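For reference, the structure discussed in these notes is given below.
Keep in mind it's a predicted model, so treat the numbers as computed, not measured. Read the numbers this way: they start at 1 and go in the same order the structure lists the ligands and their atoms.
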Amino acid sequence: MIYEDYYIFTPGPVKMSDEIMEVGAKQTPYFRNCEFSNVTYACEKGLLEMVNAPEGSKVIFLTASGTAGMESVVMNLLTKDDKALVVHGGGFGGRFVDICDVHGIPHTDFVVKNTNLHDIESLAPKENYTSLIVNAHETSVGHLYDLGAMGAYAKKNNLLYIVDAISMLVTDPVDMSADNIDVVIASSQKGLALPPGLTMVILAPRALEKVQDIKSLYFNFKDYLSNGERGQTPYTPAVTIMLQLEARLNQINRRGGVQQSIKKAQDISEYFRASIKDLPLKEYTPYMPNAMTTLTPTDGKSAMDIVNGLEDGYKVMVCPNGGAERDTIFRVSHMGDMTRAYTDVLIDALYDYYKIERK
Ligand SMILES: *Cc1c(COP(=O)(O)O)cnc(C)c1O
């Protein structure tokens, strides 16, 4: 199998635990029955708890990649009468801009650099918006935004606050109630550490009120919401990934709950960053999530060469960037089933690659 015996530090798909992989190895069951409805209910309940969703919130389960979650939210919740402020700090922010373009939603392309938007109040264009859209962790560069400050701004200006939490759920805090978040988008293959294919949209009551009648069969939220009442989806769900999600939510709770998972991710990311201090690498942004570390070579080496060197020499997979950033940054994920010992494999590989002794 490709890359089966490699060490995985890519930001999606991420390292999965044996327990979750075992669920994936079983026969996929029939799903139009009470037994599977109970799985759906358990997944919904677990996700709502994880993000501290307000009373009356609902989860939509889409069999699709995360981008479908982003696009379907824009399609179902925004209209030509809206005006969205779209945070654009990298490739995923740019994708939300493209989605608004495709669907004719009026928006401002809010290009952001060198800030986590704790100062959004002063930076945001002074226009009348109806919605604020952000990728909580802009995975293309490893930049985490201040969800609380943005939530306060959204509340003050009465904006529908849409947060793509795909690559920071389980490793970094998301609190819909505390931060006034109306929509959270999650996807299976990043923080949740499951195979790709399942995307979840969590809608708070304010968002549920905004769900429109739209011209789409597959992405029609009203259809998902009415089927969701009986624990079902309109079309065949990613049955096995939902079983894995149920197991994963139980695993997180067994290990002390999501706060404990966040603490563990923080410990591992800090351990990694402290351990590589003697290498010619520097942190790309001061606003890093626990989920990932983005590094810039300081000795003129190409980031892409380092990525290839780790893969070819040590069976260690980290993530390159493309385009203009090909030579300047690479990314190391701390999402998924990580331990200090597993992270040591990467740290040792880096020291060996540089021919520097690890102290
Ligand atoms: C990975 C990711 C997505 C979704 O990408 P897909 O390839 O469609 O699953 C969306 N937003 C963020 C922030 C991501 O990291």
Does K83 form a salt bridge (Lys or Arg N to Asp or Glu O under 4.0 Å) with E127? I'd like the steps, not just the answer.
CA-CA 9 Å; K83 181 145 193 203; E127 290 183 47; 2.4 Å; yes

Between H88 and F96, is a ring pair (Phe, Tyr, Trp, His ring centres under 6.0 Å) present by the stated rule, with each step listed?
CA-CA 8 Å; H88 182 175; F96 266 131; over 10 Å; no

Quick one: table the atom pairs, ligand 1 N or O against protein N or O, below 3.5 Å, distance rounded to 0.1 Å.
| unit_1 | atom_1 | unit_2 | atom_2 | d |
| --- | --- | --- | --- | --- |
| ligand 1 | 8 (O) | S65 | OG | 2.5 |
| ligand 1 | 8 (O) | G66 | N | 3.3 |
| ligand 1 | 8 (O) | T67 | N | 2.8 |
| ligand 1 | 8 (O) | T67 | OG1 | 2.5 |
| ligand 1 | 9 (O) | G66 | N | 2.9 |
| ligand 1 | 9 (O) | Q189 | NE2 | 2.8 |
| ligand 1 | 11 (N) | D164 | OD2 | 2.6 |
| ligand 1 | 15 (O) | T139 | OG1 | 2.5 |
| ligand 1 | 15 (O) | K190 | NZ | 2.7 |

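Ring geometry, Y218 versus Y235: the interplanar angle falls under 30°, so the pair is classed parallel (tilted spans 30 to 60°).
Q189 places no side-chain N or O within donor-acceptor distance of the main-chain N or O of L194, the cut-off being under 3.5 Å.
Residue pairs that meet the ring-ring contact (aromatic ring centres under 6.0 Å, His included) test with at least one member in residues 337-358, sequence neighbours left out, are Y7-Y342, F9-Y342.
Within 6.0 Å of CG in N128 there are 12 or fewer heavy atoms belonging to other residues, nucleotides or ligands.
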